[in-house]
**Student:** 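Sharing a structure, written as structure tokens. Questions coming.
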Number of protein chains: 2
Amino acid sequence: MRISTKGGYGIRAMYELAMAHGQGPVPLKVVAEKQALSENYLEQLMGTLRKAGLVRGVRGARGGYELARSPEAISVGDVIRALEGPIAPVSCVDLDAEADCERHASCPTRGVWERLRDSMIEVLDSTSLADLCKEVPQDAAPDDSGKGHC
Amino acid sequence: MRISTKGGYGIRAMYELAMAHGQGPVPLKVVAEKQALSENYLEQLMGTLRKAGLVRGVRGARGGYELARSPEAISVGDVIRALEGPIAPVSCVDLDAEADCERHASCPTRGVWERLRDSMIEVLDSTSLADLCKEVPQDAAPDDSGKGHC
DNA sequence: GCTAATTCCGACCAACTTACTAGGAATTAC
DNA sequence: GTAATTCCTAGTAAGTTGGTCGGAATTAGC
């Protein structure tokens, strides 16, 4: 029951973009440095995120990535869905693809999976990138303080 | 965010054992047949379940597997944990292993993962095998009706 | 005691996924 | 023109998944 690092890295990268929102595009080099991630790998993840319409890429010198929408309008669930696929513990309760389980009516396990799916979706969709920015508790780190106003 | 078939198969097998609870051990052959699973593969899963103390194996002719506790006392979460490991979306919010994340205090993503973990645990631990038995909605199938009284 | 049924155990395997690295083409600010 | 960047594709080592197979140990019933 783990998400892969794709989702984790993706959220961390999106958090950085959210912190810099409104200040122009952020190059991946910076994001990778701040979050200690492989720049090459991150590049691939951002490609997926871009195709999902969550970020915009600005090419060329002084380019980088920026959020396609405001941090309030992007949920953690959006990012996870883009990188990990639909949020569903088993495929037969996938809200997007639905159907195709021949014994779905008489399946005794369907109920739990549905409840699990719903509670996961509830948590992930009710948390936005803006929430993540607010959430960091005791901010003792003096790294980029003052600038991040997402 | 999927559980593997291990967890799914495991729950289905445990459901069968729950339905037959109190009627002596059920051979894997029967379980595999009823749930349309590979008997060989199921054997491996039952080994894990046995080591986790959830089922008892009875060897020899007329042997099979039976629940180690009553269906009310085994939760879906117990089975998932045995087969898939601790219930946590990312390793740093694993309740069992805990700790070891150097930046855990100032981590902006920790909050979501904790809330996600808690809601998953809540659903999985509050559903018992007995609940699964009750839950099957319109029982039109005349397969083993009358006998299953878990 | 023999036989058939069954758990138990470990080895093997093909396909897939994960988490990368590498290289190069296209685009753009300066 | 040059340096900085995104964009795209290919390769890859290690791990996981979802099995199969063969055989040893145990036991009920004859």
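Not measured: the values here are computed from a predicted model. Letters A, B, ... mirror the listed sequences (proteins, then strands); counts begin at 1.
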**Student:** Can you tell me which nucleotide in D:dA4, C:dA19, C:dA4 comes closest to the side chain of A:Ala61?
**Tutor:** D:dA4
**Student:** Here's a test of your reading of the structure: between B:Glu39 and B:Arg62, which maps to the more 5' nucleotide of DNA chain D?
**Tutor:** B:Glu39
**Student:** Roughly how far apart are B:Leu124 CG and A:Arg115 CZ, rounded to 0.5 Å?
**Tutor:** 9.5 Å
**Student:** Give a yes/no on whether any side-chain N or O of B:Arg50 is located under 4.0 angstrom from OP1 or OP2 of C:dC9.
**Tutor:** yes
**Student:** Please state whether the base of C:dT7 and the side chain of B:Arg59 form at least one donor-acceptor pair under 3.5 Å?
**Tutor:** yes
**Student:** B:Lys6 side chain N/O closer than 4.0 Å to the phosphate oxygens (OP1, OP2) of D:dG18?
**Tutor:** no
**Student:** Out of D:dG19, C:dC9, C:dT7, which nucleotide sits closest to the side chain of B:Lys51?
**Tutor:** C:dC9
**Student:** For B:Arg62, does the CZ atom have more than 12 heavy-atom neighbours from other residues, nucleotides or ligands under 6.0 Å away?
**Tutor:** no
**Student:** Out of D:dT6, D:dT20, C:dT7, which nucleotide sits closest to the side chain of B:Tyr41?
**Tutor:** D:dT20
**Student:** Among the nucleotides D:dG19, D:dA28, C:dA22, which one has an atom lying closest to any side-chain atom of A:Asn40?
**Tutor:** C:dA22
**Student:** If the cut-off is 4.0 Å, is A:Tyr65 near the phosphate of D:dC7, judged by side-chain N/O to OP1 or OP2?
**Tutor:** yes
**Student:** From D:dC21, D:dG18, C:dC20, pick the nucleotide closest to the side chain of B:Ser4?
**Tutor:** D:dG18
**Student:** Nearest to the side chain of B:Tyr9, heavy atoms from C-beta on, is which of C:dC30, D:dG19, C:dT27?
**Tutor:** D:dG19
**Student:** Quick one: A:Met1 CE to D:dT16 P, roughly how many Å, whole number?
**Tutor:** 17 Å
**Student:** Regarding A:Arg110 and A:Glu114, does a basic nitrogen lie under 4.0 Å from an acidic carboxylate oxygen?
**Tutor:** yes
**Student:** With B:Ile80 as reference, evaluate B:Ile121, B:Ile3, B:Asp125 under the side-chain contact (heavy atoms from CB on, under 4.5 Å) test and give the passing residue.
**Tutor:** B:Ile3
**Student:** Ion pair present between B:Glu33 and B:Lys29, side-chain N to carboxylate O less than 4.0 angstrom?
**Tutor:** no
**Student:** Any base atoms under 4.0 Å from B:Gly57, or only sugar-phosphate, or nothing? Heavy atoms, all strands.
**Tutor:** sugar-phosphate
**Student:** Once hydrogens and angles are ignored, does a donor-acceptor distance under 3.5 Å link the base of D:dC8 to the side chain of A:Gln44?
**Tutor:** no
**Student:** Please tell me which of A:Gly60 and A:Thr5 maps to the more 5' nucleotide of DNA chain C, matching each residue to the nucleotide holding its nearest heavy atom.
**Tutor:** A:Thr5
**Student:** Take B:Lys29 and B:Glu43, find for each the nucleotide of DNA chain C with the closest heavy atom, and name the residue whose nucleotide sits nearer the 5' end.
**Tutor:** B:Lys29
